[in-house]
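Values below: every heavy atom of this structure, side chains too, minus hydrogens, waters and symmetry copies.
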Amino acid sequence: MDIYLTNNLTNKKEQFIPRDIKNIGMYVCGPTVYDDPHIGNARPLVIFDVLFKLLKYKFTSVTYVRNITDIDDKIIKSSKEQNISSKELTEKITKNFLSDCSYLNCESPTYQPKATEHIDLMIKMINELLKKGFAYENNKHVYFEVKKFSDYGKLSNKKLVDLIAGSRVQVSEDKKNSEDFVLWKPSNKDEPSWESPWGNGRPGWHLECSAMSKKFLGNEFDIHGGGIDLIFPHHENEIAQSRCANDTKNFANYWIHNAFITMSNEKMAKSQGNILKIKDFKKKISGQVLRLALMSAHYKQPLDWNDKLLNDCQNTLNKWYLVYSDNLKAKTKVSDETLKPLYEDLNTPGYIANLHQLYERARKGEDQDLFISACKFVGLFCESNETWQKFKKDKVSIDESEIQKRIELRNKARENKDYKEADRIRDELLDKGVLIEDKDGTTLWKFK
């Protein structure tokens, strides 16, 4: 079965055809470590983790690179506000980021390079661009001259004049043209800096990903991913500088972007004041619940984040854990038929629908190991049953008096032979982690 992905470079869903079937390369833009990650940052972590798993299932060797940007104007600004060094800030936030990845049960990428460890490669790439006439130096700055690259705007499917008009282009007297973007800039005395032919300074943000992807994946590779907000200018600029420096007709063959997470249909952003940090969920909810929630909408569609979504995912996992056993090993290989939605443009909602069907069979004692394997394939069932039940009991969303009230309502429904209502109340309690049992004329309950 072939994998199909929506390629934003062509704006079409296409069959994924690797450059080298024995060596798949995927680069995904990672965090700028100036502040703790929020739920919007978590979406690409989970989405591209699922894609990584699918590629490894299908192909012999997959190299997944996700960078860490640990030098940037936002980092400098945040470190000054906190009165700590940039290094101290980035080390702290990087540690928190990796902890969040573990909480969400994301696999570690093959490589996770830091920008500050590859400054020499960035300087080398700038020299190549200068030598080939695609960049120019002025007043200790180096800029890429956009008009020299005829394919600029191909990824965002817009003309250059439209891209400039619709973006916040940095204005500088040092530029030849307003659309040109910085490759190197000088640092102030109290800012991180590195020696270069143009004076002490630091690289531009876009250049970092071009240098690191080249090191680990080569001049051309298969898949480049990230959030939809990175298409312009970040990914557009990556393409321009990489193709020009490396003399190639392509950079990445497939460009995959996830849509935003919203709250009340508003984009999650600091400017909106609606940021929810991943760390704030850790004492309240299992990372598996967040992971299932992040997979609940197709990656190309906005995902509206709300309490109902989390409750629904919590209740789903409560039920699924009823048929999970730590002793029952996930030994059955997941079939292509089960994986079919993931092959079709990473359709995670379709795959979750398949999991619901497998659960119904497992509940009847059929193919439990297949259900467990299918859940584990997308990073679920990563906690023991004991750990899950303890966490669930600690965080159960119903108190004992309410449980007794609902049992009384169920008993009345049974007396009136309204078995449909009685079953509804039983299922409602089960969704909240409460298992009831009728025994010797008495209804008993327990947290399951």
Side-chain angles (χ1 to χ4, degrees), residues 1-8 13-16 26 28 39-59 62 64 66 100-101 103-107 109 223 225-228 254-262 268 278 281 285-306 308-317 319-321 330 333-360 370-382:
M1 192 173 289
D2 296 318
I3 297 174
Y4 286 82
L5 298 168
T6 296
N7 186 0
N8 279 332
K13 186 166 76 172
E14 300 176 347
Q15 179 184 344
F16 173 62
M26 178 171 73
V28 177
I39 286 297
N41 304 135
R43 194 176 194 190
L45 294 178
V46 170
I47 291 301
F48 289 104
D49 183 61
V50 173
L51 180 55
F52 183 36
K53 295 176 190 297
L54 183 66
L55 292 170
K56 287 195 299 178
Y57 174 87
K58 182 73 174 175
F59 301 103
V62 181
Y64 173 21
R66 184 183 64 214
D100 290 346
C101 291
Y103 169 65
L104 294 168
N105 197 30
C106 294
E107 290 187 56
I223 297 171
I228 195 170
Y254 299 84
W255 288 81
I256 316 299
H257 298 93
N258 63 275
F260 295 122
I261 285 183
T262 60
M268 188 175 289
I278 299 171
F281 289 90
I285 197 168
S286 165
Q288 290 188 83
V289 176
L290 267 68
R291 187 176 180 95
L292 185 58
L294 290 162
M295 293 189 292
S296 65
H298 194 279
Y299 75 90
K300 293 190 301 180
Q301 303 300 321
L303 171 61
D304 200 55
W305 197 261
N306 53 68
K308 182 180 184 304
L309 172 65
L310 293 180
N311 288 335
D312 287 347
C313 291
Q314 174 79 49
N315 293 337
T316 292
L317 284 164
K319 290 190 293 186
W320 288 359
Y321 260 98
K333 186 177 181 180
V334 184
S335 67
D336 275 356
E337 188 59 34
T338 301
L339 292 172
K340 187 175 180 180
L342 297 184
Y343 279 101
E344 287 292 327
D345 201 14
L346 218 62
N347 181 3
T348 50
Y351 188 79
I352 291 169
N354 281 356
L355 292 180
H356 281 294
Q357 293 178 0
L358 289 173
Y359 161 74
E360 291 300 328
L370 175 59
F371 173 61
I372 293 171
S373 295
C375 286
K376 283 183 173 292
F377 187 89
V378 288
L380 302 175
F381 284 160
C382 58

Are the side chains of [Y] and [X] in contact, using a 4.5 Å heavy-atom criterion?
X: C101; Y: R66; value: yes
X: T6; Y: N8; value: yes
X: T316; Y: H356; value: yes
X: M1; Y: L339; value: no
X: V50; Y: F377; value: no
X: S296; Y: T348; value: no
X: F16; Y: L55; value: yes
X: L51; Y: Y64; value: no

**OP:** If a pair satisfies salt bridge (charged side-chain N to carboxylate O under 4.0 Å, His left out) and one of its residues is in residues 296-306, list it, with sequence neighbours excluded.
**Re:**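 Those involving residues 296-306 are K300-D345.
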Is a side-chain N or O of [X] found less than 3.5 angstrom from the main chain of [Y], in a donor-acceptor match?
X: Y299; Y: I256; answer: no
X: R291; Y: V378; answer: yes
X: N315; Y: N311; answer: yes
X: K333; Y: S373; answer: no
X: N105; Y: G379; answer: yes

**OP:** Look at the rings of W320 and F371 and say which category their plane angle falls in: under 30° parallel, 30 to 60° tilted, over 60° perpendicular.
**Re:**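 Because their plane-to-plane angle is over 60°, the rings of W320 and F371 count as perpendicular.
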Subject >> Aromatic plane relationship, Y57 with Y343 - under 30° parallel, 30 to 60° tilted, over 60° perpendicular >> reply: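 Ring orientation, 0 to 90° scale: perpendicular.
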Heavy-atom closest pair, residues [X] and [Y]:
X: L355; Y: A374; result: CD2-CB, 3.5 Å
X: P302; Y: A259; result: N-CB, 3.7 Å
X: F48; Y: M26; result: O-CE, 3.8 Å
X: Y103; Y: I278; result: CD2-CG2, 3.8 Å

List the residues meeting side chain to side chain contact (heavy atoms under 4.5 Å, CB included) with [X], not counting sequence neighbours, and say none if there are none.
X: N41; result: P37, H38
X: A293; result: W305, L309, L310, C313
X: F260; result: I228, D229, K267

Distance from [X] atom [atom1] to [Y] atom [atom2], nearest 0.5 Å?
X: F281; Y: S286; atom1: CZ; atom2: OG; answer: 12.5 Å
X: C375; Y: Y351; atom1: SG; atom2: OH; answer: 7.0 Å
X: Y254; Y: I223; atom1: OH; atom2: CD1; answer: 8.0 Å
X: I39; Y: T262; atom1: CD1; atom2: OG1; answer: 12.5 Å
X: N258; Y: Q301; atom1: CG; atom2: CD; answer: 12.0 Å
X: I47; Y: H298; atom1: CD1; atom2: NE2; answer: 8.5 Å

**OP:** Mind running side chain to side chain contact (heavy atoms under 4.5 Å, CB included) on I261 and L294 for me, showing each step along the way?
**Re:** CA-CA 9 Å; I261 285 183; L294 290 162; 3.5 Å; yes
**OP:** Name all residues meeting the side chain to side chain donor-acceptor pair (under 3.5 Å) criterion together with K56; count only those two or more places apart in sequence or in a different chain, and write none if there are none.
**Re:**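 Listed in chain order: E107.
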Original post:
Can you name the residues that form a side chain to side chain donor-acceptor pair (under 3.5 Å) with Y321, not counting sequence neighbours?
Top reply: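 Testing Y321 for side chain to side chain donor-acceptor pair (under 3.5 Å), a comparison that skips the adjacent residues, returns Q288.
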